[in-house]
Asker: 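This is the structure I want to talk about, given as structure tokens.
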Amino acid sequence: MVTYAHAIRFAGSELGHNRHVCAFFNSEDEAYKVLTPFIVDGFECGHKAVHLVNPGQRPAHLDRLRCEGIDTEEAEAVGQLEVRTNADVYLSNGRFDPERMLAVFEELASGHADNGYPLSRIICQMDWAGDGRAKIADLISFEARVNDVWSQHDDVVICIYDLAKFGGEAVVDVLRTHPMVVVGGVLQENPFYVAPAQFLEELRERRARRSEVRDRGENHG
């Protein structure tokens with residue numbers, strides 16, 4: 001049952017009912033400046049921390065946490081901290097499977113109860129999706145659908161997007177699939193958010209139009 005018993009501060013504001021956030025940054029340092037207080041506060045509140053980082057980033061990420069006074073070895077040993085590679089989580093067997101990922105996040109959302117943590121603060125580096133149109137198309141659909149998972153839980157989910165790695169159309173679609181957004185380091189309710197069912201219908205219509213244009217081009221080729 002969703003209770004939202006804990007007021008959670010993030011990026012200069014407070015998260016309420018909507019806790020699925022897209023955060024746009026221009027650099028790693030800019031991202032950590034916003035994320036670090038949120039991470040530290042989570043440990044002080046006794047929340048579980050799940051961090052999905054880029055390949056090769058784990059050592060540097062743990063170093064940053066240690067610099068903030070977090071005993072990362074102890075936190076990992078007791079299960080409060082989980083640092084995994086985003087490619088391993090999102091691209092199991094080298095491919096992105098939206099159905100599998102919905103199940104993964106449902107497990108993450110409900111899995112903290114047995115460990116004594118009231119909720120999870122999940123941070124996902126999304127760079128893995130910035131290197132191919134096919135991944136982006138599947139990701140956008142997934143980001144819309146996963147709102148139905150997060151709406152049933154107290155967990156906070158921050159999706160980190162590096163603006164240098166995503167094109168304009170992808171950024172717009174990411175924006176439309178998250179009810180909360182961080183721009184310029186400030187959290188705000190997203191006025192461009194579209195409910196999942198409506199967005200997915202628009203996505204199907206868009207793909208159908210593109211398919212028709214492609215078919216016409218092939219027929220006239």
Side-chain angles (χ1 to χ4, degrees), residues 3-90 104-105 107-113 115-128 143 146 149-150 153-163 165 174 178-188 190:
T3 59
Y4 303 111
H6 302 274
I8 295 180
R9 297 285 300 178
F10 177 53
S13 189
E14 188 172 293
L15 287 162
H17 175 74
N18 294 316
R19 296 184 169 189
H20 184 205
V21 184
C22 60
F24 297 109
F25 298 107
N26 292 296
S27 70
E28 185 176 289
D29 287 341
E30 181 185 342
Y32 274 104
K33 183 178 180 180
V34 174
L35 293 172
T36 299
F38 170 76
I39 293 171
V40 172
D41 180 65
F43 279 95
E44 293 175 349
C45 291
H47 297 164
K48 183 177 175 67
V50 179
H51 300 165
L52 307 184
V53 301
N54 294 324
Q57 190 182 8
R58 174 183 161 87
H61 181 73
L62 291 175
D63 283 344
R64 285 181 181 265
L65 299 188
R66 293 188 194 103
C67 287
E68 298 300 325
I70 297 170
D71 186 338
T72 57
E73 290 186 5
E74 174 66 16
E76 288 188 302
V78 301
Q80 186 177 12
L81 173 64
E82 184 177 340
V83 181
R84 301 168 66 183
T85 300
N86 54 12
D88 290 340
V89 175
Y90 283 99
V104 166
F105 277 129
E107 183 178 350
L108 280 176
S110 58
H112 52 71
N115 296 320
Y117 302 108
L119 59 88
S120 293
R121 298 189 182 205
I122 304 170
I123 297 174
C124 306
Q125 290 280 357
M126 303 305 293
D127 290 4
W128 64 269
E143 287 278 37
V146 79
V149 173
W150 300 129
H153 299 277
D154 286 333
D155 307 272
V156 179
V157 187
I158 314 296
C159 301
I160 306 300
Y161 285 88
D162 184 336
L163 287 169
K165 294 180 170 61
V174 166
H178 291 75
M180 303 296 292
V181 60
V182 173
V183 177
V186 178
L187 174 71
Q188 56 188 301
N190 183 5

Asker: Would you say F25 and K33 make side-chain contact, with heavy atoms under 4.5 Å?
Answerer: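 Counting from C-beta outward, F25 and K33 never come under 4.5 Å.
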
Asker: Drop me the distance from E14's CD to R9's CZ, to the nearest 0.5 angstrom.
Answerer: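 Between atom CD of E14 and atom CZ of R9 there are 6.0 Å.
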
Asker: Please tell me if the side chains of H61 and Y32 come closer than 4.5 Å, counting only heavy atoms from C-beta onward.
Answerer: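 Contact flag for H61/Y32 side chains = yes.
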
Asker: For a 4.5 angstrom cut-off between non-hydrogen side-chain atoms, does R19 reach W150?
Answerer: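 Of all side-chain heavy-atom pairs linking W150 with R19, none is under 4.5 Å.
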
Asker: Ignoring hydrogens and angles, tell me if any N or O in the side chain of N18 forms a donor-acceptor pair with the backbone of M180 under 3.5 Å.
Answerer: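 Here the side-chain-to-backbone pair does not exist.
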
Asker: Say you draw a straight line from CG of D63 to CD of E68; how long is it, rounded to the nearest 0.5 Å?
Answerer: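 Here the interatomic distance stands at 12.0 Å.
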
Asker: Do V182 and F10 have side-chain heavy atoms sitting under 4.5 Å apart?
Answerer: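 Yes, their side chains come closer than 4.5 Å.
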
Asker: Specify whether Y161 and H178 have parallel, tilted or perpendicular ring planes, treating 30° as the upper limit for parallel and 60° as the lower limit for perpendicular.
Answerer: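 Ring orientation of Y161 relative to H178: perpendicular.
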
Asker: Which pair of heavy atoms, one from V34 and one from G185, lies closest together, and at what distance?
Answerer: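 In this case the closest contact between V34 and G185 is CG2-CA, 3.9 Å.
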
Asker: Taking side-chain contact (heavy atoms from CB on, under 4.5 Å) as the definition, give me every residue that meets it alongside V186, ordered by chain and number, with sequence neighbours left out.
Answerer: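 Listed in chain order: nothing, the list is empty.
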
Asker: Taking the side chain as every heavy atom from C-beta outward, state whether V89 and W128 have any atom pair closer than 4.5 Å.
Answerer: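 Not in contact.
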
Asker: Check the surroundings of atom CD in Q188: do more than 12 heavy atoms from other residues, nucleotides or ligands lie under 6.0 Å from it?
Answerer: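 Counting neighbours around CD of Q188, more than 12 heavy atoms of other residues, nucleotides or ligands fall under 6.0 Å, so yes.
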
Asker: Out of curiosity, L52 CG to D127 CG, how far, rounded to the nearest 0.5 Å?
Answerer: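 The CG atom of L52 sits 12.0 Å away from the CG atom of D127.
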
Asker: So which atom in E74 and which in D71 form the shortest heavy-atom distance, rounded to 0.1 Å?
Answerer: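 Scanning both residues completely, I find the closest heavy atoms to be N-OD1, 3.1 Å.
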
Asker: Could you state the interatomic distance from CE (M126) to NZ (K165), rounded to the nearest 0.5 Å?
Answerer: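 M126 atom CE to K165 atom NZ measures 13.5 Å (nearest 0.5 Å).
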
Asker: Would you say that L35 contacts I160 through its side chain, given a criterion of any heavy-atom pair below 4.5 Å between the two side chains?
Answerer: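 Counting from C-beta outward, L35 and I160 do come under 4.5 Å.
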
Asker: Is any side-chain heavy atom of V78 closer than 4.5 Å to one of Y117?
Answerer: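 When only atoms from C-beta onward are counted, V78 and Y117 do touch, with a gap below 4.5 Å.
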
Asker: Answer yes or no: is there a donor N or O on one side and an acceptor on the other, between the side chain of D155 and the main chain of S120, under 3.5 Å?
Answerer: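 It does hold such a pair.
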
Asker: Can you tell me how far the CD atom of Q125 sits from the CG atom of N54, to the nearest 0.5 Å?
Answerer: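 One finds 5.0 Å between CD of Q125 and CG of N54.
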
Asker: Counting N and O atoms only, with roles assigned by atom type, does the side chain of R121 sit under 3.5 Å from a partner on the main chain of H47, one being a donor and the other an acceptor?
Answerer: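 Not confirmed, R121 side chain does not pair with H47 backbone.
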
Asker: Here's a test for you: under side chain to side chain contact (heavy atoms under 4.5 Å, CB included), which of I158, I122, L62, I39 qualifies with H51?
Answerer: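 Of the listed residues I158, I122, L62, I39, the side chain to side chain contact (heavy atoms under 4.5 Å, CB included) partner of H51 is I39.
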
Asker: Kindly give the heavy-atom pair with the smallest separation between G46 and P118, and that separation in Å.
Answerer: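 Answer, listing the atom of G46 first, then P118: O-CD, 3.5 Å.
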
Asker: Do the side chains of N190 and P179 get nearer than 4.5 Å, heavy atoms only?
Answerer: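 Contact flag for P179/N190 side chains = no.
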
Asker: Rounded to the nearest 0.5 Å, how far apart are CD1 of I8 and CG of D154?
Answerer: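 I8 CD1 to D154 CG: 8.0 Å, rounded to 0.5 Å.
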
